[in-house]
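A short write-up of the structure that comes next.
Letters go in sequence order (proteins before strands), and every chain restarts at 1. Treat the numbers as computed from the prediction; the structure is a model and nothing was measured.
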Amino acid sequence: MFCLSKDVLEKVIESRLAKKVRIFVDKEKLHPDYIPEKLPHREKEIERIASILVPILEGVRPSNVLIYGLTGTGKTAVTLFTLRWLEEKAKKLATKFKYAYVNTRKADTTYRIISEIARSIGLRIPQTGIAIAEVYRRYVEALNSWGGIHVMVLDEVDYYVKRHGDDLLYKLVRVNEELKHAKASLIGVTNDINFIEGLDPRVRSSLGEVEVVFPPYNAEQLEDILQERAKLAFNPLAITPEVIKYAAALAAREHGDARRALDLLRIAGEIAERLEDPIVAIDHVKQALLEIEHGRVKQVISSLPLHSKLVLKAIVTIVGEKGSATTGETFNTYVKMAKEMRVEPLTQRRISEIVSELDMLGLVNAVVVNRGRYGKTKVIKIPELVINTITDCLNT
DNA sequence: CTTCCACCGGAAGTACCGGTAA
DNA sequence: TTACCGGTACTTCCGGTGGAAG
């Protein structure tokens, strides 16, 4: 038994090594977190942000910045690119400068954001247990005794503010008032313009001291980016410019999202690799598009809590019968299912919220509709693209 | 013009959990 | 050990609402 499985492993490794043509030479270069040395078509933005931040090198506090742009337009890449460059320069000039990068979708609570910021200047902050005010106090204290310039980047800050309000931003924007020897600036990155309108006017004027807008890439620019990156990542014999062009066009249709485009190319390469095809073809790209969506849905569903799964199941059955569901119908079916499983059902209020959560995850489409005499409710549908995947996942 | 449906969604509160500090 | 902290996952309560029907 054991020998047998070992044999299987040997085979896998063997076939991998024996492959004559390798598709990738450095797959990491297509990874979403990788920041290349060249950022094509973002020269203007780099220049803009660099000129805002460059006073750091003279020990002057830079303005707070609000960066706006749709997903995959290079906001994060440009920001980090510039900050890293400044960090290097600062080191040479012996200027005290550090920056914190926090993605508020990953660190999605007040406590985690502040502790991430504090950690970036070398503080050790426990994962939980102490008061937020205390973490903040320690941060301010450490900044004061360090006495340099600290730049805090809050990526996807709209996501945090939507859930927790702007109290934290207010506090961070005014942190300088408590600093004697150090200086701090805030860079907010958002892909929602309307986000700015909902802010406390004091935060708005302070955070928006300077605003930078990232326009989406067009198909041509996306192609340039992909060509550039493909040169680094792929074996040149394993891919053709036509395939890259196709991937770029596909991604351009979805609002010029470079991240998606790179994902597409990477997955297409992996598919070719798996099929042991020597070169990446357009068909692989097409298949990658499906696979990305399929994989995402699968992963989301598998990490869903029990009640959310039941609600989703209820929606699927109703939609299967009538094409769409309402909150009330969903709730009734859900209660039946829960009772069958001898699980205590949750309240309708909560179910309504779970439906909204499923909507945000992209598993269903829920639109609030007023049907006059017949009341106000959410009309819930399931996107064509994911319905098969969902039924698949729920039956296992 | 008014009624009234079938919910929406904010607010406040509760229970519990994993954690720290003293 | 005990007091406390923040986050999650709910519940309870309730005012609010757009527009078809009357």
If only side-chain N and O atoms of [X] are considered, is one of them under 4.0 Å from the OP1 or OP2 phosphate oxygen of [N]?
| X | N | result |
| --- | --- | --- |
| A/Arg350 | C/dC10 | yes |
| A/Thr109 | C/dG6 | no |
| A/Arg112 | C/dT8 | yes |

Expressed in angstrom and rounded to an integer, what is the separation of [X] atom [atom1] from [N] atom [atom2]?
| X | N | atom1 | atom2 | value |
| --- | --- | --- | --- | --- |
| A/Arg163 | B/dG10 | CZ | P | 14 Å |
| A/Glu134 | C/dC4 | CD | P | 16 Å |
| A/Asn370 | C/dA20 | CG | C1' | 11 Å |
| A/Arg137 | C/dC5 | CZ | P | 15 Å |
| A/Glu344 | C/dC10 | CD | C1' | 13 Å |
| A/Arg349 | B/dT14 | CZ | P | 18 Å |
| A/Leu306 | C/dC10 | CG | C1' | 14 Å |
| A/Glu357 | C/dC10 | CD | P | 9 Å |

At under 4.0 Å between heavy atoms, what does [X] touch on the DNA or RNA strands: base, sugar-phosphate, or nothing?
| X | value |
| --- | --- |
| A/Gln348 | sugar-phosphate |
| A/Arg138 | sugar-phosphate |
| A/Thr110 | sugar-phosphate |

For A/Ser120 and A/Tyr101, does a side-chain donor sit closer than 3.5 Å to a side-chain acceptor?
->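 No donor-acceptor contact under 3.5 Å links the two side chains.
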Looking at residues at least two apart in the chain, or sitting in another chain, which of them share a side chain to side chain donor-acceptor pair (under 3.5 Å) with A/Glu220?
->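 Scan of A/Glu220 (side chain to side chain donor-acceptor pair (under 3.5 Å), adjacent residues dropped) gives none.
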Map A/Lys376 and A/Arg373 onto DNA chain B by nearest heavy atom, then report which one ends up closer to the 5' terminus.
->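 Result of the comparison: A/Arg373.
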Map A/Lys378 and A/Gly372 onto DNA chain B by nearest heavy atom, then report which one ends up closer to the 5' terminus.
->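 Going by which nucleotide is closer to the 5' end, it is A/Gly372.
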The side chain of [X] is closest to which nucleotide in this list: [options]?
| X | options | answer |
| --- | --- | --- |
| A/Thr327 | C/dC10, C/dT8, B/dC8 | B/dC8 |
| A/Thr326 | C/dA21, C/dG19, B/dC7 | B/dC7 |
| A/Ile130 | B/dA11, B/dT20, C/dC10 | B/dT20 |
| A/Thr128 | C/dG7, B/dG18, B/dC8 | B/dG18 |
| A/Val368 | B/dG9, C/dC10, C/dG7 | B/dG9 |

Using the side-chain contact (heavy atoms from CB on, under 4.5 Å) rule, pick out the option among A/Leu222, A/Asp257, A/Thr73 that qualifies with A/Pro216.
->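 Only one option passes, and that is A/Thr73.
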Quick one: do A/Glu88 and A/Lys91 make a salt bridge, cutoff under 4.0 Å?
->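 No, no charged N to carboxylate O under 4.0 Å.
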Is any NZ, NE, NH1 or NH2 atom of the basic residue among A/Glu134 and A/Arg137 found under 4.0 Å from an Asp or Glu carboxylate oxygen of the other?
->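 Looking at A/Glu134 and A/Arg137, the cut-off is met.
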Taking the six-membered ring of A/Phe24 (Phe, Tyr or Trp), confirm whether the NZ or CZ of A/Arg266 is under 6.0 Å from its centre and within 45° of its axis.
->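 No - A/Arg266 does not lie over the ring of A/Phe24 by the 6.0 Å and 45° rule.
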